[in-house]
Amino acid sequence: MTTDSQLAKLTEAPPMRADARRSHERLLTAATEAFAEKGADAPLEDIAKRAGVGIGTLYRHFPTRLDLQEAVYRSQVAVVCAQGEDLVAGPAPEDAFGSWLRALASYLVTKRGLASALIAAKGKDSEVISLCSQNIRSTADRLLQRAQQAGTVRADLTAMDVMMLVHGVVVATERTPEQADRLLSLTFDGLRIRD
């Protein structure tokens, strides 16, 4: 189960003045957009410009490209896990599970190259990769178990199965993103229990 403290750990930042906090948030938003569009090597000058700050401000908040990549990665994982937590509280387990599969796919599309860059720099067993993977898997597991208990999704599925299937759809539709929703629907249909 993803706890509030685990989600907070993904995005914790040192205490800042209000103006510094706003700059920090604008930089994260700009970097998220730039990395989604141009990959993990998006120009830092472009990110600073998008955020409406100078390059010096970017470096004060994120001394290295890797620091910025890690912050964006953690932030995006926190967002997708929070969406899952909101859906767990919803009334329809099957709909919640299906909605989260789409949210997970959207997240996977936007992290172009970030995971690879972090794994190359820090290793696949690093704290950031391990914690983020654990939180995503935990969220997937809670939504999956809830749908399984409701009798709407196959009992032989694991959270890892589901994550691999969604990842496969995202990779398969990288050049044709308009097909992703259709393939996710077909995948989800295959996960349902048949009468």
Side-chain angles (χ1 to χ4, degrees), residues 1-3 6-7 9-11 32 35-37 39-41 69-70 72-90 92-195:
M1 179 166 130
T2 305
T3 64
Q6 286 174 314
L7 288 176
K9 188 172 182 182
L10 285 174
T11 58
T32 300
F35 292 155
E37 291 170 16
D41 293 328
Q69 290 169 334
E70 183 176 333
V72 167
Y73 190 74
R74 286 177 184 270
S75 171
Q76 292 302 297
V77 168
V79 167
V80 79
C81 289
Q83 288 173 328
E85 294 304 316
D86 289 345
L87 289 166
V88 165
E94 182 179 10
D95 293 341
F97 182 61
S99 293
W100 196 72
L101 292 183
R102 284 180 171 73
L104 179 61
S106 294
Y107 154 74
L108 291 171
V109 166
T110 63
K111 72 174 187 89
R112 287 180 48 196
L114 277 181
S116 298
L118 289 170
I119 289 170
K122 295 188 168 232
K124 67 178 179 139
D125 296 324
S126 67
E127 182 266 342
V128 64
I129 297 298
S130 296
L131 180 63
C132 289
S133 296
Q134 175 188 357
N135 284 326
I136 290 174
R137 200 168 33 252
S138 175
T139 302
D141 194 47
R142 287 186 67 205
L143 287 156
L144 174 61
Q145 284 182 18
R146 192 165 170 256
Q148 288 170 326
Q149 289 167 356
T152 59
V153 175
R154 293 171 46 161
D156 62 336
L157 291 170
T158 66
M160 205 56 176
D161 295 335
V162 171
M163 290 167 50
M164 288 172 52
L165 287 167
V166 173
H167 187 266
V169 168
V170 169
V171 170
T173 59
E174 188 171 5
R175 288 190 166 80
T176 55
E178 67 279 1
Q179 293 291 317
D181 194 56
R182 179 179 168 278
L183 290 179
L184 282 170
S185 293
L186 291 171
T187 301
F188 190 52
D189 284 346
L191 304 179
R192 287 187 173 107
I193 290 179
R194 300 282 179 232
D195 293 330

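These numbers were taken from a predicted model, which means no experiment stands behind them.
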**For the student: nearest non-hydrogen atoms of G190 and R154, plus distance** = O-CD, 3.5 Å

**Prompt:** Just by modelled atom types, is the Q134 backbone N or O under 3.5 Å from a matching donor or acceptor in the S138 side chain?
**Reply:** no

**Item:** K124: partners by side chain to side chain donor-acceptor pair (under 3.5 Å), with sequence neighbours left out
**Value:** none

**Prompt:** Rounded to the nearest 0.5 Å, what separation is found between the CG atom of L186 and the CG atom of L165?
**Reply:** 12.0 Å

**Complete:** The residue among L143, L144, V88 that forms side-chain contact (heavy atoms from CB on, under 4.5 Å) with W100 is L143

**Prompt:** When rounded to the nearest 0.5 angstrom, what is the spacing between OG in S99 and CG in L104?
**Reply:** 12.5 Å

**Asked** If we only count heavy atoms from C-beta on, is the V169 to L101 side-chain gap below 4.5 Å?
**Response** no

**Asked** Counting only heavy atoms not in R182, do more than 12 sit closer than 6.0 Å to its CZ atom?
**Response** no

**Asked** Do you know the tightest heavy-atom contact between V80 and A103?
**Response** CG2-O, 3.7 Å

**Item:** Beyond-backbone contact of T187 with V166, side-chain heavy atoms, under 4.5 angstrom
**Value:** no

**Whether D161 side chain and T158 backbone form a donor-acceptor pair below 3.5 Å** = yes

**Request:** Look up atom CG in D181 and atom CZ in R102, then write down how far apart they are to the nearest 0.5 Å.
**Result:** 4.5 Å

**Message:** Check this for me: does any side-chain nitrogen of one of R142 and E85 sit under 4.0 Å from a carboxylate oxygen of the other?
**Reply:** yes

**Asked** When you measure from the side chain of Q148 to the backbone N and O of L157, does any donor-acceptor pair fall under 3.5 Å?
**Response** yes

**Validation row: T32, Q76 side chains within 4.5 angstrom (heavy atoms)** = yes

**Asked** Is the backbone of R137 close enough, under 3.5 Å, to the side chain of D141 for a donor and an acceptor to pair up by distance?
**Response** no

**Request:** Could you tell me if the ring centre of Y73 sits under 6.0 Å from that of F35?
**Result:** no

**Prompt:** Can any side-chain N or O of S126 pair as donor or acceptor with the backbone N or O of G123 at less than 3.5 Å?
**Reply:** yes

**Asked** F97 versus T152: any side-chain heavy-atom pair under 4.5 Å?
**Response** no

**Asked** Atom CG in L114, atom CD1 in I129: separation rounded to 0.5 Å?
**Response** 9.0 Å

**Request:** With rounding to the nearest 0.5 Å, note down the distance linking CZ in R74 to CG in L131.
**Result:** 6.0 Å

**Message:** Could you report the tightest heavy-atom contact between Q69 and A40, atom names first, then the distance?
**Reply:** NE2-O, 2.9 Å

